[in-house]
Amino acid sequence: MAAALGPAAAADALAAALRGGVDPETCPPRSAIAVPGDGELLLMPAASGAYAGVKIAGVAPGNPARGLPRITGSYLLLDGPTLRPLALLDGAALTALRTPAVSALALRHLAPAGRPLRLVLFGTGPQAYGHLEAALAERELAEVVVVARNGEGAERLAAHARTLGPAARTGSPRDVAAADLVLCCTTAREPLFDGRLVLPGAVVVAVGSHEPSARETDTALVRRAAVYVESRAAALREAGDLLVPEAEGAIGPGHITGTLADLVAGRLPAGGERGCPQLFKSVGMAWEDLAVAVALYEADRSSGSSAT
(Lines give C-alpha, C1' and ligand atoms only; values in the text may rest on other atoms or scores of the structure.)
Protein backbone atom coordinates (compact mmCIF):
# COMPACT_ATOMS: atom_id res chain seq x y z
CA MET A 1 0.00 0.00 0.00
CA ALA A 2 2.81 2.41 0.86
CA ALA A 3 4.25 1.85 -2.60
CA ALA A 4 0.90 2.56 -4.24
CA LEU A 5 0.07 5.63 -2.15
CA GLY A 6 2.46 7.57 0.06
CA PRO A 7 1.43 9.65 3.08
CA ALA A 8 1.24 12.91 1.11
CA ALA A 9 -1.02 11.40 -1.57
CA ALA A 10 -3.15 9.76 1.12
CA ALA A 11 -3.40 13.14 2.87
CA ASP A 12 -4.52 14.63 -0.46
CA ALA A 13 -7.28 12.01 -0.60
CA LEU A 14 -8.44 12.95 2.89
CA ALA A 15 -8.45 16.65 2.02
CA ALA A 16 -10.41 15.93 -1.17
CA ALA A 17 -12.99 13.98 0.83
CA LEU A 18 -13.46 16.90 3.21
CA ARG A 19 -13.71 19.39 0.36
CA GLY A 20 -16.15 17.04 -1.38
CA GLY A 21 -18.67 17.26 1.44
CA VAL A 22 -17.76 14.53 3.92
CA ASP A 23 -18.90 15.66 7.37
CA PRO A 24 -16.84 13.90 10.06
CA GLU A 25 -19.34 14.98 12.72
CA THR A 26 -21.94 12.65 11.21
CA CYS A 27 -19.59 9.68 10.77
CA PRO A 28 -20.96 6.68 12.71
CA PRO A 29 -19.05 5.85 15.89
CA ARG A 30 -16.95 2.72 15.92
CA SER A 31 -18.41 -0.34 17.59
CA ALA A 32 -16.09 -2.09 20.02
CA ILE A 33 -16.43 -5.35 21.89
CA ALA A 34 -14.04 -6.91 24.37
CA VAL A 35 -12.46 -10.24 23.45
CA PRO A 36 -10.40 -12.72 25.49
CA GLY A 37 -6.89 -11.60 26.41
CA ASP A 38 -7.74 -7.91 27.01
CA GLY A 39 -8.21 -7.39 23.27
CA GLU A 40 -10.79 -5.42 21.31
CA LEU A 41 -12.71 -6.09 18.11
CA LEU A 42 -13.63 -2.91 16.24
CA LEU A 43 -16.19 -2.37 13.49
CA MET A 44 -15.93 0.86 11.46
CA PRO A 45 -18.43 1.40 8.59
CA ALA A 46 -18.69 4.45 6.32
CA ALA A 47 -20.36 5.49 3.07
CA SER A 48 -19.75 8.46 0.81
CA GLY A 49 -20.37 9.19 -2.85
CA ALA A 50 -19.94 6.13 -5.05
CA TYR A 51 -18.45 3.91 -2.34
CA ALA A 52 -19.10 2.29 1.00
CA GLY A 53 -16.81 0.22 3.17
CA VAL A 54 -16.22 -1.36 6.54
CA LYS A 55 -13.10 -2.11 8.52
CA ILE A 56 -12.99 -5.01 10.95
CA ALA A 57 -9.96 -4.44 13.16
CA GLY A 58 -8.54 -6.33 16.09
CA VAL A 59 -6.39 -4.83 18.83
CA ALA A 60 -4.51 -7.59 20.64
CA PRO A 61 -2.13 -6.15 23.27
CA GLY A 62 -0.51 -9.54 23.89
CA ASN A 63 0.43 -10.14 20.26
CA PRO A 64 3.87 -8.45 20.20
CA ALA A 65 5.09 -10.87 22.86
CA ARG A 66 3.97 -13.68 20.54
CA GLY A 67 5.81 -12.19 17.60
CA LEU A 68 2.51 -11.09 16.03
CA PRO A 69 1.20 -7.62 15.05
CA ARG A 70 -0.76 -5.76 17.72
CA ILE A 71 -3.26 -4.55 15.09
CA THR A 72 -4.99 -7.02 12.75
CA GLY A 73 -7.96 -6.79 10.43
CA SER A 74 -9.46 -6.45 6.97
CA TYR A 75 -11.19 -3.72 4.97
CA LEU A 76 -14.05 -4.51 2.59
CA LEU A 77 -14.64 -1.84 -0.05
CA LEU A 78 -18.09 -1.84 -1.70
CA ASP A 79 -19.75 -0.16 -4.64
CA GLY A 80 -22.05 2.40 -3.03
CA PRO A 81 -25.26 2.04 -5.08
CA THR A 82 -25.22 -1.77 -5.36
CA LEU A 83 -23.12 -2.72 -2.30
CA ARG A 84 -21.24 -5.13 -4.56
CA PRO A 85 -17.82 -6.01 -3.06
CA LEU A 86 -15.00 -4.35 -4.99
CA ALA A 87 -11.84 -5.03 -3.01
CA LEU A 88 -10.52 -6.59 0.16
CA LEU A 89 -7.59 -4.75 1.75
CA ASP A 90 -5.29 -5.58 4.63
CA GLY A 91 -6.86 -3.64 7.50
CA ALA A 92 -3.64 -3.27 9.51
CA ALA A 93 -1.75 -1.97 6.48
CA LEU A 94 -4.59 0.44 5.72
CA THR A 95 -4.48 1.76 9.29
CA ALA A 96 -0.68 2.07 9.09
CA LEU A 97 -1.13 4.32 6.03
CA ARG A 98 -4.30 6.18 7.05
CA THR A 99 -3.21 7.35 10.49
CA PRO A 100 0.06 9.00 9.35
CA ALA A 101 -1.87 10.53 6.44
CA VAL A 102 -4.31 12.18 8.87
CA SER A 103 -1.35 13.53 10.83
CA ALA A 104 0.35 14.68 7.62
CA LEU A 105 -2.74 16.68 6.70
CA ALA A 106 -2.74 18.33 10.13
CA LEU A 107 0.99 19.09 9.87
CA ARG A 108 0.41 20.60 6.45
CA HIS A 109 -1.68 23.31 8.11
CA LEU A 110 -0.16 23.57 11.60
CA ALA A 111 3.60 22.92 11.39
CA PRO A 112 6.01 25.85 11.02
CA ALA A 113 7.21 26.36 7.46
CA GLY A 114 10.29 27.91 5.89
CA ARG A 115 13.00 26.27 8.00
CA PRO A 116 14.17 22.76 8.94
CA LEU A 117 12.37 21.46 12.03
CA ARG A 118 13.45 19.47 15.07
CA LEU A 119 11.27 16.40 15.59
CA VAL A 120 10.87 14.34 18.76
CA LEU A 121 9.22 11.01 17.96
CA PHE A 122 7.78 8.79 20.70
CA GLY A 123 7.41 5.10 19.81
CA THR A 124 9.12 2.45 17.69
CA GLY A 125 6.23 0.55 16.10
CA PRO A 126 4.72 0.74 12.60
CA GLN A 127 2.98 4.03 13.38
CA ALA A 128 6.26 5.62 14.45
CA TYR A 129 7.88 4.64 11.15
CA GLY A 130 4.83 5.83 9.22
CA HIS A 131 4.75 9.15 11.05
CA LEU A 132 8.43 9.75 10.38
CA GLU A 133 7.72 9.40 6.66
CA ALA A 134 4.61 11.58 6.98
CA ALA A 135 6.58 14.35 8.67
CA LEU A 136 9.28 14.17 5.99
CA ALA A 137 6.61 14.34 3.29
CA GLU A 138 5.34 17.66 4.67
CA ARG A 139 8.39 19.43 6.14
CA GLU A 140 12.19 19.41 6.05
CA LEU A 141 13.61 17.95 9.25
CA ALA A 142 16.89 19.11 10.77
CA GLU A 143 16.97 16.44 13.47
CA VAL A 144 14.95 13.44 14.63
CA VAL A 145 15.10 12.37 18.28
CA VAL A 146 13.53 8.97 19.02
CA VAL A 147 12.23 8.39 22.54
CA ALA A 148 11.07 4.92 23.57
CA ARG A 149 11.19 2.37 26.38
CA ASN A 150 12.76 -0.13 23.97
CA GLY A 151 16.35 1.09 23.57
CA GLU A 152 17.18 -1.27 20.72
CA GLY A 153 14.04 -0.33 18.86
CA ALA A 154 14.82 3.36 19.32
CA GLU A 155 18.32 2.87 17.93
CA ARG A 156 16.92 1.03 14.89
CA LEU A 157 14.41 3.78 14.17
CA ALA A 158 17.05 6.48 14.57
CA ALA A 159 19.31 4.59 12.14
CA HIS A 160 16.42 4.32 9.69
CA ALA A 161 15.76 8.06 10.01
CA ARG A 162 19.39 8.80 9.12
CA THR A 163 18.97 6.86 5.86
CA LEU A 164 16.17 9.27 4.94
CA GLY A 165 18.34 12.35 5.34
CA PRO A 166 18.10 14.12 8.69
CA ALA A 167 20.46 13.71 11.61
CA ALA A 168 18.92 11.34 14.15
CA ARG A 169 19.62 10.02 17.64
CA THR A 170 17.85 8.55 20.63
CA GLY A 171 16.86 10.79 23.51
CA SER A 172 14.64 11.34 26.53
CA PRO A 173 11.27 13.00 27.17
CA ARG A 174 13.02 16.23 28.12
CA ASP A 175 14.04 16.66 24.47
CA VAL A 176 10.54 18.06 23.80
CA ALA A 177 11.87 21.34 25.29
CA ALA A 178 13.77 22.01 22.04
CA ALA A 179 11.32 20.44 19.57
CA ASP A 180 9.32 22.08 16.80
CA LEU A 181 7.32 18.86 16.27
CA VAL A 182 6.40 16.16 18.77
CA LEU A 183 4.78 13.00 17.40
CA CYS A 184 3.31 10.52 19.90
CA CYS A 185 2.78 7.05 18.40
CA THR A 186 2.64 4.77 21.43
CA THR A 187 0.36 2.50 23.43
CA ALA A 188 0.96 4.60 26.56
CA ARG A 189 -1.91 5.09 28.97
CA GLU A 190 -0.22 7.90 30.92
CA PRO A 191 1.45 11.13 29.68
CA LEU A 192 4.80 10.69 27.97
CA PHE A 193 6.37 14.05 28.83
CA ASP A 194 5.96 17.27 30.82
CA GLY A 195 3.72 19.53 28.75
CA ARG A 196 5.13 22.64 30.42
CA LEU A 197 8.35 22.07 28.45
CA VAL A 198 6.76 22.36 25.00
CA LEU A 199 7.67 25.54 23.14
CA PRO A 200 5.03 28.10 22.13
CA GLY A 201 4.25 27.46 18.47
CA ALA A 202 5.47 23.85 18.57
CA VAL A 203 3.12 21.21 17.18
CA VAL A 204 2.25 18.05 19.11
CA VAL A 205 0.42 15.19 17.38
CA ALA A 206 -1.01 12.38 19.53
CA VAL A 207 -2.39 9.30 17.77
CA GLY A 208 -1.86 6.41 20.18
CA SER A 209 -5.26 5.95 21.79
CA HIS A 210 -9.00 6.03 21.17
CA GLU A 211 -9.86 5.18 24.78
CA PRO A 212 -11.42 7.78 27.12
CA SER A 213 -9.11 6.83 30.00
CA ALA A 214 -5.80 6.61 28.08
CA ARG A 215 -3.63 9.56 27.03
CA GLU A 216 -0.16 10.44 25.76
CA THR A 217 -0.22 14.16 26.65
CA ASP A 218 -0.73 15.75 30.05
CA THR A 219 -3.20 18.27 31.40
CA ALA A 220 -0.58 21.04 31.45
CA LEU A 221 -0.10 20.83 27.68
CA VAL A 222 -3.80 20.53 26.86
CA ARG A 223 -4.67 23.52 29.03
CA ARG A 224 -2.15 25.82 27.31
CA ALA A 225 -2.53 24.50 23.74
CA ALA A 226 -4.74 25.31 20.80
CA VAL A 227 -6.44 21.94 20.28
CA TYR A 228 -7.47 20.48 16.93
CA VAL A 229 -9.34 17.20 16.34
CA GLU A 230 -10.80 15.19 13.48
CA SER A 231 -14.32 15.65 14.82
CA ARG A 232 -15.63 17.24 17.99
CA ALA A 233 -18.12 14.42 18.49
CA ALA A 234 -15.48 11.69 18.12
CA ALA A 235 -12.99 13.50 20.36
CA LEU A 236 -15.55 14.01 23.12
CA ARG A 237 -16.39 10.29 22.96
CA GLU A 238 -12.92 8.78 22.73
CA ALA A 239 -10.00 11.18 23.23
CA GLY A 240 -8.62 10.53 26.69
CA ASP A 241 -6.04 13.28 26.10
CA LEU A 242 -8.99 15.71 26.33
CA LEU A 243 -11.49 13.80 28.43
CA VAL A 244 -9.13 13.26 31.38
CA PRO A 245 -8.32 17.00 31.73
CA GLU A 246 -12.03 17.76 31.35
CA ALA A 247 -12.86 15.29 34.13
CA GLU A 248 -10.25 17.02 36.28
CA GLY A 249 -12.01 20.35 35.69
CA ALA A 250 -8.95 21.79 33.91
CA ILE A 251 -10.76 22.44 30.61
CA GLY A 252 -14.31 22.49 29.29
CA PRO A 253 -15.80 20.88 26.17
CA GLY A 254 -15.44 24.23 24.39
CA HIS A 255 -11.65 24.07 24.69
CA ILE A 256 -11.34 22.56 21.19
CA THR A 257 -10.07 25.24 18.81
CA GLY A 258 -11.10 23.58 15.56
CA THR A 259 -11.24 20.50 13.40
CA LEU A 260 -9.33 19.07 10.48
CA ALA A 261 -12.18 20.19 8.22
CA ASP A 262 -11.80 23.76 9.54
CA LEU A 263 -8.08 23.69 8.73
CA VAL A 264 -8.62 22.31 5.21
CA ALA A 265 -11.32 24.90 4.51
CA GLY A 266 -9.13 27.75 5.77
CA ARG A 267 -11.57 28.73 8.49
CA LEU A 268 -8.81 29.07 11.13
CA PRO A 269 -5.51 30.95 11.33
CA ALA A 270 -2.40 28.98 10.44
CA GLY A 271 -0.85 27.27 13.44
CA GLY A 272 2.41 29.19 13.24
CA GLU A 273 0.53 32.45 13.84
CA ARG A 274 -0.47 31.38 17.35
CA GLY A 275 1.66 32.04 20.41
CA CYS A 276 0.93 28.74 22.12
CA PRO A 277 1.55 25.05 21.40
CA GLN A 278 -0.63 23.40 18.76
CA LEU A 279 -2.06 19.99 19.72
CA PHE A 280 -3.67 17.71 17.15
CA LYS A 281 -5.37 14.73 18.75
CA SER A 282 -6.69 11.99 16.47
CA VAL A 283 -8.64 8.87 17.38
CA GLY A 284 -9.06 7.39 13.87
CA MET A 285 -12.37 7.52 12.00
CA ALA A 286 -14.18 5.37 9.47
CA TRP A 287 -14.49 8.13 6.85
CA GLU A 288 -10.68 8.31 6.73
CA ASP A 289 -10.36 4.57 6.11
CA LEU A 290 -12.90 4.85 3.29
CA ALA A 291 -11.19 7.85 1.65
CA VAL A 292 -7.78 6.15 1.64
CA ALA A 293 -9.21 2.76 0.59
CA VAL A 294 -10.95 4.43 -2.37
CA ALA A 295 -7.73 6.21 -3.37
CA LEU A 296 -5.85 2.89 -3.24
CA TYR A 297 -8.56 1.11 -5.24
CA GLU A 298 -8.69 3.80 -7.93
CA ALA A 299 -4.88 3.89 -8.15
CA ASP A 300 -4.91 0.10 -8.55
CA ARG A 301 -7.55 0.28 -11.32
CA SER A 302 -5.66 2.98 -13.17
CA SER A 303 -2.52 0.85 -13.09
CA GLY A 304 -4.40 -2.07 -14.65
CA SER A 305 -3.79 -4.55 -11.82
CA SER A 306 -6.52 -6.34 -9.86
CA ALA A 307 -7.21 -5.55 -6.18
CA THR A 308 -7.42 -8.41 -3.71
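If you read the sequence from its start, that first residue is 1, and numbering goes on from there. Basis for what follows: all heavy atoms, side chains included, without hydrogens, waters or symmetry-related copies.
- With hydrogens and angles ignored, the 3.5 Å screen pairs a side-chain donor or acceptor of Asp262 with a backbone N or O of Thr259.
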Trp287 vs Asp23, test: side-chain contact (heavy atoms from CB on, under 4.5 Å). Steps then yes/no. CA-CA 9 Å; Trp287 72 267; Asp23 182 1; over 6 Å; no

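- Both Leu107 and Val207 belong to a common hydrophobic cluster when Ile, Leu, Val, Met, Phe, Trp and Tyr are linked at side-chain heavy-atom distances under 4.5 angstrom.
- Under a 3.5 Å cut-off, the side chain of Glu40 and the backbone N or O of Ala60 do not form any donor-acceptor pair.
- Distance check: Thr170 OG1 to Asn150 CG gives 11.5 Å after rounding to the nearest 0.5 Å.
- Below 30°, between 30° and 60°, or above 60°: for Tyr129 and His160 the angle between ring planes is between 30° and 60°, a tilted geometry.
- A heavy-atom distance below 4.5 Å is not found between the side chains of Val59 and Thr72.
- Judged by distance alone, the side chains of Thr217 and Asp241 do bring a donor and an acceptor atom under 3.5 Å apart.
- With Asp180 contributing its side chain and Arg118 its backbone, the two residues share a donor-acceptor pair below 3.5 Å.
- Shortest non-hydrogen contact noted between Ala104 and Ala11 is CB-CB, 4.2 Å.
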Start with the C-alpha gap between Thr124 and Arg156, add the side-chain angles, then the distance that decides, and say whether side chain to side chain donor-acceptor pair (under 3.5 Å) holds. CA-CA 8 Å; Thr124 60; Arg156 282 195 297 271; over 6 Å; no

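- You'll find the side chain of Arg174 stays beyond 4.5 Å of the side chain of Asp194, heavy atoms only.
- Within the model, atoms CG of Leu94 and OH of Tyr75 stand 7.0 Å from one another, a figure rounded to the nearest 0.5 Å.
- Closest of all the heavy-atom pairs between Ser48 and Val22 is OG-CG2, 3.4 Å.
- For the atom pair Leu181 CG and Gln278 CD, the distance stands at 11.5 Å (nearest 0.5 Å).
- Val205 and Val227 fall into different hydrophobic clusters, defined by Ile, Leu, Val, Met, Phe, Trp and Tyr side-chain heavy atoms under 4.5 Å apart, directly or through other members.
- Side-chain N or O atoms of Glu288 include one that pairs as donor or acceptor with a backbone N or O of Met285 at under 3.5 Å.
- Heavy-atom neighbours of Arg162 CZ from other residues, nucleotides or ligands within 6.0 Å: above the threshold of 12.
- Residues Leu296 and Leu77 have side chains not in contact (no heavy-atom distance under 4.5 Å, counting atoms from C-beta outward).
- The CG atom of Leu279 sits 9.0 Å away from atom OG1 of Thr257, with the distance rounded to the nearest 0.5 Å.
- Scanning both residues, Ala50 and Pro81, for their nearest heavy atoms gives O-CD, 3.7 Å.
- For Ala13 against Ala295, the heavy-atom pair with the smallest separation is CB-CB, 3.8 Å.
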For salt bridge (charged side-chain N to carboxylate O under 4.0 Å, His left out), just list the numbers for Arg115 and Glu140, CA-CA rounded to whole Å, side-chain angles, deciding distance to a tenth of an Å, and then say yes or no. CA-CA 7 Å; Arg115 59 182 174 85; Glu140 182 183 356; over 6 Å; no

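- At a threshold of 4.5 Å between non-hydrogen side-chain atoms, the residues Glu25 and Arg232 count as touching.
- Residues Arg70 and Thr187 have side chains that never bring a donor and an acceptor to within less than 3.5 angstrom of each other.
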Any chance you could lay out the salt bridge (charged side-chain N to carboxylate O under 4.0 Å, His left out) test for Arg223 and Asp218, step after step, and finish with the verdict? CA-CA 9 Å; Arg223 188 163 43 198; Asp218 66 6; over 6 Å; no

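- Of the inter-residue distances, the one linking Leu105 atom CG with Phe280 atom CZ reads 7.5 Å to the nearest 0.5 angstrom.
- For Ile56, the CD1 atom is loosely surrounded, since the number of other residues' heavy atoms within 6.0 Å does not exceed 12.
- Between Leu97 and Leu5, the closest side-chain pair of non-hydrogen atoms falls below 4.5 Å.
- Few gaps surround CZ on Arg237; more than 12 heavy atoms of other groups in view lie less than 6.0 Å from it.
- Proximity of a side-chain donor or acceptor of Thr99 to a complementary backbone N or O of Ala96 within less than 3.5 Å is not detected.
- Heavy atoms only, all atoms of each residue included: Leu121 and Leu157 are closest at CD2-CD2, 3.7 Å.
- Linking Ile, Leu, Val, Met, Phe, Trp and Tyr whenever their side-chain heavy atoms come within less than 4.5 Å puts Tyr228 and Leu117 in one cluster.
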Verdict with reasoning, Val203 to Val182, per side-chain contact (heavy atoms from CB on, under 4.5 Å): CA-CA 6 Å; Val203 176; Val182 179; over 6 Å; no

Between Arg19 and Asp12, is the salt bridge (charged side-chain N to carboxylate O under 4.0 Å, His left out) condition met? List the steps. CA-CA 10 Å; Arg19 293 191 185 101; Asp12 291 343; over 6 Å; no

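- Following chains of ILVMFWY side-chain contacts shorter than 4.5 Å, one can reach Val120 starting from Val204, so the two form part of one hydrophobic cluster.
- At a cut-off of 3.5 Å, with distance as the only test, no side-chain donor of Ser209 or Glu216 sits close to an acceptor on the other residue.
- Note on Asp289 versus Arg30: no salt bridge recorded, every NZ/NE/NH1/NH2 to OD/OE distance being 4.0 Å or above.
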Stepwise side-chain contact (heavy atoms from CB on, under 4.5 Å) test for Val244 and Ser213: CA-CA 7 Å; Val244 173; Ser213 60; 5.5 Å; no

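- Grouping the Ile, Leu, Val, Met, Phe, Trp and Tyr side chains by contacts below 4.5 angstrom, directly or via other members, places Leu43 with Leu83.
- A heavy-atom distance below 4.5 Å is found between the side chains of Cys185 and His131.
- Glu230 and Ser282 share no donor-acceptor pair across their side chains, judged by distance under 3.5 Å alone.
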side-chain contact (heavy atoms from CB on, under 4.5 Å) between Val292 and Leu14, worked out: CA-CA 7 Å; Val292 176; Leu14 294 166; 4.1 Å; yes

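- Using modelled atom types, no side-chain atom of His255 and backbone atom of Leu242 make a donor-acceptor pair closer than 3.5 Å.
- In this structure, the side chain of Arg224 engages the main chain of Val198 through a donor-acceptor pair within 3.5 Å.
- Residues Cys276 and Ala225 come closest through the heavy atom pair SG-C, 4.3 Å.
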Under the salt bridge (charged side-chain N to carboxylate O under 4.0 Å, His left out) criterion, do Arg215 and Glu248 qualify, and how do the steps go? CA-CA 14 Å; Arg215 57 179 178 161; Glu248 294 172 348; 3.6 Å; yes

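- Taken to the nearest 0.5 Å, the CD1 atom of Ile71 stands 11.5 Å off from the CG atom of Asp90.
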